[in-house]
Number of protein chains: 2
Amino acid sequence: MAKKTTSDWHGCPIRYAAAIFGDEWSMLILRDILFKYCKHYADFLNAEEGISTNILAARLHSLESEGMLRKLADPEHGARYIYRPTKKCLELIPAMLEIIEWSEKWDENTGVPSEFIAEIRLDRIAFAKRLIAQFEES
Amino acid sequence: MAKKTTSDWHGCPIRYAAAIFGDEWSMLILRDILFKYCKHYADFLNAEEGISTNILAARLHSLESEGMLRKLADPEHGARYIYRPTKKCLELIPAMLEIIEWSEKWDENTGVPSEFIAEIRLDRIAFAKRLIAQFEES
DNA sequence: CTGTATCCTTAGGGATACTG
DNA sequence: CAGTATCCCTAAGGATACAG
């Protein structure tokens with residue numbers, strides 16, 4: 001099946017969500033941008049899972065065209081860009097937190113919680129608000 | 001990328017979730033079983049999106065092996081089976097509801113809410129409890 | 001009805017080279 | 001650094017036939 005977009009596939013909320021992040025790489029990119037502060041192309045490229053560069057570029061374009069990411073010139077570095085979440089993207093955080101909570105409960109193989117989990121556990125709501133505040137001031 | 005399973009891919013809650021339902025068809029099957037009371041093979045097969053039979057069979061096996069579905073003999077019909085959600089699956093409902101709420105807000109193309117959305121809107125929490133009650137008595 | 005099995009096509013995606 | 005372009009391969013997935 002070709003990857004659906006929201007213009008192919010709407011009218012049902014689950015289908016709509018599936019069109020935007022219903023594939024493994026998009027979910028991981030959203031994780032990186034929402035919870036790991038990834039900003040630059042290389043940050044995503046160097047994530048643990050090892051996405052390849054062509055796939056990363058395609059997914060970033062897709063997420064940008066779906067209104068999830070903004071691509072901005074990096075004021076500090078001439079030729080660099082930074083990717084930031086849109087409001088639409090940030091508002092996915094509650095859903096992501098529910099998913100995280102569910103996975104933590106059911107993944108028996110997790111073993112020691114990663115730093116990532118530990119940080120989010122500290123205070124989920126405060127964490128979400130901090131992210132949204134970062135957005136407001138940008 | 002070959003479809004990952006939770007045994008390939010754990011240690012991160014988002015990755016774990018992506019391995020289970022991080023593809024379009026699995027999300028839609030979960031929708032059908034959690035919110036549309038689909039029970040029989042044909043119910044899934046005849047869903048609006050038109051999944052093909054080989055893909056459906058593969059996804060049902062995958063979801064069953066991940067502990068999301070139980071396949072039971074249908075007491076009322078000799079050769080038929082019914083698919084029912086496990087507890088693990090039902091506990092995904094809060095996350096699904098968050099996703100639905102998010103999609104309803106951001107999908108500008110939805111137009112008139114479907115019966116599906118309307119029913120869930122009635123009372124999300126009561127709806128979820130009803131589903132869980134159905135499970136308990138089964 | 002509930003699937004399996006098979007054929008076939010295409011898109012997803014890995015590796016890598018290359019460009020501004 | 002931040003991508004784009006190619007090559008190539010595999011697996012996802014559509015269509016359809018068939019079996020219990």
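On a predicted model such as this, the values are computed, not experimentally measured, just so you know. Proteins come first, then strands; the chains are lettered A, B, ... in the order of their sequence lines, and each starts at number 1.
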Looking at [atom1] of [X] and [atom2] of [Y], how far apart are the two atoms once the value is rounded to the nearest 0.5 Å?
{"X": "B:E91", "Y": "B:T86", "atom1": "CD", "atom2": "OG1", "answer": "8.5 Å"}
{"X": "A:S65", "Y": "A:L60", "atom1": "OG", "atom2": "CG", "answer": "11.0 Å"}
{"X": "A:R59", "Y": "A:F44", "atom1": "CZ", "atom2": "CZ", "answer": "14.0 Å"}

- In terms of heavy-atom contacts, A:T6 and A:A19 come closest through N-CB, 3.9 Å
Residue [X], side-chain heavy atoms: nucleotide from [options] that is nearest:
{"X": "A:I55", "options": "D:dA2, C:dG14, C:dA5", "answer": "C:dG14"}
{"X": "A:T53", "options": "D:dG3, D:dA2, C:dT4", "answer": "D:dG3"}
{"X": "B:H40", "options": "D:dG14, D:dA2, C:dT2", "answer": "C:dT2"}
{"X": "B:W25", "options": "D:dG14, C:dG3, D:dT4", "answer": "D:dG14"}

- Message: Check this for me: does the side-chain of A:N54 come within 3.5 Å of the base of C:dG14 through a donor and an acceptor?
- Response: yes
Nearest whole angstrom, please: distance from the [atom2] of [N] to the [atom1] of [X].
{"X": "B:L28", "N": "D:dG13", "atom1": "CG", "atom2": "C1'", "value": "14 Å"}
{"X": "A:L72", "N": "D:dA2", "atom1": "CG", "atom2": "P", "value": "14 Å"}
{"X": "B:K4", "N": "C:dG12", "atom1": "NZ", "atom2": "P", "value": "15 Å"}
{"X": "B:L69", "N": "C:dG3", "atom1": "CG", "atom2": "C1'", "value": "16 Å"}
{"X": "B:L56", "N": "D:dT16", "atom1": "CG", "atom2": "P", "value": "17 Å"}
{"X": "B:L45", "N": "C:dC1", "atom1": "CG", "atom2": "P", "value": "10 Å"}
{"X": "B:I51", "N": "C:dT4", "atom1": "CD1", "atom2": "C1'", "value": "15 Å"}
{"X": "B:K39", "N": "C:dT2", "atom1": "NZ", "atom2": "P", "value": "13 Å"}

- Query: Within the structure shown, what part of the strands sits under 4.0 Å from B:F44 by heavy-atom distance: base, sugar-phosphate, or nothing?
  - Reply: nothing
- Task: Identify whether any heavy atom of B:D23 sits under 4.0 Å from a base atom; if not, whether one sits that close to sugar-phosphate; answer base, sugar-phosphate or nothing.
- Result: nothing
Phosphate OP1/OP2 of [N]: any [X] side-chain N/O under 4.0 Å:
{"X": "A:Y83", "N": "D:dG3", "result": "yes"}
{"X": "A:R59", "N": "C:dG13", "result": "yes"}
{"X": "B:H61", "N": "C:dT4", "result": "yes"}
{"X": "A:R80", "N": "D:dG3", "result": "no"}
{"X": "A:K71", "N": "D:dA2", "result": "no"}

- Task: State, with a plain yes or no, whether a side-chain heavy atom of B:W25 is found less than 4.5 Å away from one of B:E49.
- Result: yes
